[in-house]
Amino acid sequence: MLQIQLIRENPQFVIDRLKVKHFDAEGIISEISQLDVDIRQNKKSLDDNLMEQKKLSAEIGKLFKEGKAAEAADLKARIAELKETEKQLQAKVAEAADKIQERLFLMPNLPHASVPEGKTAADNEIVYTEGDASNFDYDAMPHWDLVKKYDIIDFDLGCKITGAGFPVYKGKGARIQRALIDFFLDEAVQHGFTEIQPPYMVNEASAYGTGQLPDKEGQMYHCEVDDFYLIPTAEVPITNIYRDVILKESDFPIKNCGYSACFRREAGSYGKDVRGLNRLHQFDKVEIVVIEHPDRSYETLEKMKTYAMSLLTKLGLPFRVLRLCGGDISFTSALTFDLEVYSKAQQRWLEVSSVSNFESFQANRLKLRFKDEATGKMRLAHTLNGSALALPRVLAALLENNQTDKGIIVPEVLRKYTGFDMID
RNA sequence: GGAGAGAUGGCCGAGUGGUCGAAGGCGCACGCCUGGAAAGUGUGUAAACGCCGAAAGCGUUUCAAGGGUUCGAAUCCCUUUCUCUCCGCCA
């Protein structure tokens, strides 16, 4: 959520920046400005009204003590009048505040200056490419066939037990999955991240805190009896650790990581993109979440991106890094880098990580602040997060790219976790 | 799920209708004391919003949340949430 002060002080800047995200803010901002003026006027009147009431009350108190109860009657009558006006003012203020809130929720985060212009994924800027992204010169098998051949992931069985998008990992499939989780977590811990095991369900307040609610309600599984939501990413519980928290400057940076299963309804998605492991309702991911001082958040974003890249390098997978354009970047993000691995059998790039700086957008909703030592004032912290990494597509690329006549070669770095070097 | 107790500032803890934003303590910050430290001592110690160019200052709100009684509520009533204890169930 954007800060109202920013809109109040520099509306044109907000309008201009949001054009990059193809969001026309002009109308909404003029509404907010008008409501903002209203609310302040009414607030002032309300405050004055309340002050008057308090004064009169104090006088009544005095009179009662002096035993002059009769004289208090006049004052009571005046208070009754004030209360009438108060009611009206309260209603006006509350209504304006609600409307402002509604509108602020509709406004996306401002994109960083480096976000390229563009409308679709095709306009994303490729900032880095690594590894051999050429295709096999023979008929390579896509992973959905490979997993059947080696009997390591069973999609049909998942359908039987639950439904589409809930695969069952078996034998070496389950083991390599666990190996990837361990590898990602160990690497993160070595890089100074604190490992967190978060709850997989969150309450409504947490879902609001990180912005899943109110706008993305349909994307989460909702447990209605208890009003809990299954997390779509570990970002939600891990970031919400810091909801309503006031930090000291010396606390920065706060670096957490965590593995979780992730649950996404992905309502309305269909077609070839979702085949096999490409898109699931339940999948595994290791997430990194950083809370940082506003002055250093972009340095930190760079480090997080580099860190995520190092994982793909170690796994020996060809990949590229994209700087997302204004049209493709998420609602909440100011700057996002996507990491995509190349899947040689599918002959396409698959997104395995998204590393973003949300600046103060999430922190504003979370009320995550710190005391600025120089000024003594409260400021919003910056939040960042990234996948490091999401497993299914990494596994898909790994299976496809490492296939040989004799089996699938397990990357060197995973062997100490799997205990085998070949899936055959 | 049943029965009971409770929720106060960074923490502990007092406060059952009238200058209570809230005693006292701890912690923290700054000063004095000291060669330095400890001890001692003094002062200060929340946030949101608004008025003001800024600061100072002032005003309003906030004692789990929401509603009610009252001229006036941390204090009384109702609802909700959460925590604790005992019982039941249970990996």
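A, B, ... follow the sequence lines: proteins, then strands. Residue 1 opens every chain.
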Participant: Let's test this: given Watson-Crick or G-U wobble pairing with both distances under 3.5 Å, identify the partner of B:C30.
Facilitator: B:G42
Participant: With both distances under 3.5 Å as the test, what is the Watson-Crick or G-U wobble partner of B:A23?
Facilitator: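 In the structure as shown, B:A23 has no Watson-Crick or wobble partner.
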Participant: Compare the minimum distances between each of B:C71, B:C49, B:C51 and the side chain of A:Lys43, then state the nucleotide with the smallest one.
Facilitator: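 Comparing B:C71, B:C49, B:C51 against the side chain of A:Lys43, the answer is B:C49.
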Participant: In whole Å, what separates the P atom of B:G59 from that of B:A39?
Facilitator: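 Going atom to atom, P in each nucleotide, I get 38 Å.
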Participant: If you measure from the P atom in B:A14 to the same atom in B:A7, how many Å do you get, rounded?
Facilitator: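 My reading of the P atoms in B:A14 and B:A7 gives 10 Å.
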Participant: Indicate whether OP1 or OP2 belonging to B:A47 is found under 4.0 Å from a side-chain N or O atom of A:Lys367.
Facilitator: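 False: A:Lys367 side-chain N/O out of range (4.0 Å or more) of B:A47 OP1/OP2.
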Participant: Return the pairing partner of B:A56 with a 3.5 Å limit on both distances, Watson-Crick or G-U wobble; otherwise return none.
Facilitator: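 Because no pair has both required distances under 3.5 Å, B:A56 counts as unpaired.
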Participant: List the atom of A:Leu384, the atom of A:Phe358, and the distance in Å for their closest heavy-atom pair.
Facilitator: CA-CD1, 4.2 Å
Participant: Tell me whether the side-chain N/O atoms of A:Arg8 come closer than 4.0 Å to OP1 or OP2 in B:G50.
Facilitator: yes
Participant: When the P atoms of B:C11 and B:A47 are compared, how many Å lie between them, rounded to an integer?
Facilitator: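 Pairwise P distance, B:A47 against B:C11, rounds to 14 Å.
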Participant: Parallel, tilted or perpendicular: which describes the rings of A:Tyr200 and A:Tyr259, with under 30° parallel and over 60° perpendicular?
Facilitator: perpendicular
Participant: Rounded to whole angstrom, note down the C1' distance from B:G13 over to B:C20.
Facilitator: 16 Å
Participant: Atom CD of A:Glu52 to atom P of B:C58: distance rounded to whole Å?
Facilitator: 19 Å
Participant: Considering only the P atoms, how many Å lie between B:U8 and B:A64, rounded to the nearest integer?
Facilitator: 7 Å
Participant: Which nucleotide, B:A48, B:G50, B:C71, lies nearest any side-chain atom of A:Ser57?
Facilitator: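 From the listed options, B:C71 comes nearest.
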Participant: A:Lys83 has a side chain; which of B:U60, B:A48, B:G72 sits nearest to it?
Facilitator: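 Of the candidates, B:G72 comes closest.
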Participant: Tell me: CD of A:Gln53 to C1' of B:U19, nearest whole Å?
Facilitator: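 It works out to 17 Å between those atoms.
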Participant: Whole Å only: how far is the NZ atom of A:Lys92 from the P atom of B:U60?
Facilitator: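 To the nearest whole Å, that distance equals 21 Å.
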Participant: So what does A:Ile79 hit on the nucleic acid, given a heavy-atom distance under 4.0 Å: a base, only sugar-phosphate, or nothing?
Facilitator: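 It contacts sugar-phosphate atoms only.
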Participant: How about CZ on A:Phe13, more than 12 heavy atoms from neighbouring residues, nucleotides or ligands closer than 6.0 Å, or not?
Facilitator: no
Participant: With respect to A:Val289, which candidate in A:Ile196, A:Ile238, A:Val236 satisfies the side-chain contact (heavy atoms from CB on, under 4.5 Å) definition?
Facilitator: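 The side-chain contact (heavy atoms from CB on, under 4.5 Å) with A:Val289 is passed solely by A:Ile238 among A:Ile196, A:Ile238, A:Val236.
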Participant: Starting from the 5' end of RNA chain B, give me the residue, A:Asp47 or A:Ile246, whose nearest nucleotide shows up first.
Facilitator: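 Going by which nucleotide is closer to the 5' end, it is A:Ile246.
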Participant: If I pick the C1' atom on B:U34 and the same atom on B:A46, what distance separates them, to the nearest angstrom?
Facilitator: 34 Å
Participant: Closest to the A:Lys76 side chain: B:C71, B:G50, B:U61?
Facilitator: B:C71
Participant: Of A:Gln5 and A:Ile60, whose closest RNA chain B nucleotide lies nearer the 5' terminus?
Facilitator: A:Gln5
Participant: May I ask you to say what A:Lys371 touches in the nucleic acid, namely base, sugar-phosphate or nothing, with a heavy-atom cut-off under 4.0 Å?
Facilitator: sugar-phosphate
Participant: Could you give the CD-to-C1' distance, from A:Glu86 to B:C71, as a whole number of Å?
Facilitator: 13 Å
Participant: Roughly, in whole Å, what's the span from CG in A:Asn49 to P in B:G72?
Facilitator: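 Atom CG in A:Asn49 sits about 12 Å away from atom P in B:G72.
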Participant: Out of B:G18, B:G50, B:U61, which has the shortest distance to the side chain of A:Phe64?
Facilitator: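 Nearest listed nucleotide: B:G18.
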Participant: Can you figure out which of B:U60, B:C51, B:A47 approaches the side chain of A:Lys54 most closely?
Facilitator: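 My answer, after comparing the listed nucleotides, is B:U60.
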Participant: Could you tell me whether A:Lys172 sits above the aromatic face of A:Phe420, with NZ or CZ closer than 6.0 angstrom to the six-membered ring centre and within 45 degrees of the axis?
Facilitator: yes
Participant: May I ask which nucleotide in the shown strands pairs with B:G18, Watson-Crick or G-U wobble, both distances under 3.5 Å?
Facilitator: B:C71
Participant: Hey, is CD on A:Glu31 packed in by over 12 heavy atoms from elsewhere, all under 6.0 Å?
Facilitator: yes
Participant: Between A:Val352, A:Leu315, A:Leu389, A:Leu398, which is the residue that forms a side-chain contact (heavy atoms from CB on, under 4.5 Å) with A:Val341?
Facilitator: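 The side-chain contact (heavy atoms from CB on, under 4.5 Å) with A:Val341 is passed solely by A:Val352 among A:Val352, A:Leu315, A:Leu389, A:Leu398.
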Participant: To the nearest Å, give me how far apart CD (A:Gln3) and C1' (B:C49) are.
Facilitator: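 That distance rounds to 14 Å.
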Participant: Please report, rounded to the nearest Å, how far the P atom of B:G72 is from the CG atom of A:Leu63.
Facilitator: 15 Å
Participant: Applying a 3.5 Å limit to both distances, which nucleotide forms a Watson-Crick or G-U wobble pair with B:G1?
Facilitator: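 Looking at the geometry, B:G1 pairs with B:C87.
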Participant: With a non-hydrogen cut-off below 4.0 angstrom, is A:Leu50 in contact with a base, only sugar-phosphate, or nothing?
Facilitator: sugar-phosphate
Participant: Does the side chain of A:Arg40 get closer than 4.0 angstrom to OP1 or OP2 of B:C49 through an N or O atom?
Facilitator: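 For B:C49, neither OP1 nor OP2 has a side-chain N or O of A:Arg40 closer than 4.0 Å.
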Participant: Can you tell whether the side chains of A:Glu412 and A:Arg415 come within less than 4.0 Å, N to carboxylate O?
Facilitator: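 Between A:Arg415 and A:Glu412 there is a salt bridge, with a charged N closer than 4.0 Å to a carboxylate O.
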Participant: With rounding to whole Å, what would you report as the distance between B:G88 and B:C76 at their C1' atoms?
Facilitator: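 Nearest-Å result for B:G88 against B:C76 at atom C1': 35 Å.
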Participant: Could you state the CE-C1' distance from A:Met51 to B:C49, rounded to the nearest angstrom?
Facilitator: 16 Å
Participant: Remember a base hit wins even if backbone is also touched, and classify A:Arg78 as base, sugar-phosphate or nothing at under 4.0 Å, heavy atoms.
Facilitator: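 A:Arg78: no heavy atom of the nucleic acid under 4.0 Å.
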Participant: Which value, in whole Å, describes the distance between the P atoms of nucleotides B:A23 and B:G10?
Facilitator: 14 Å
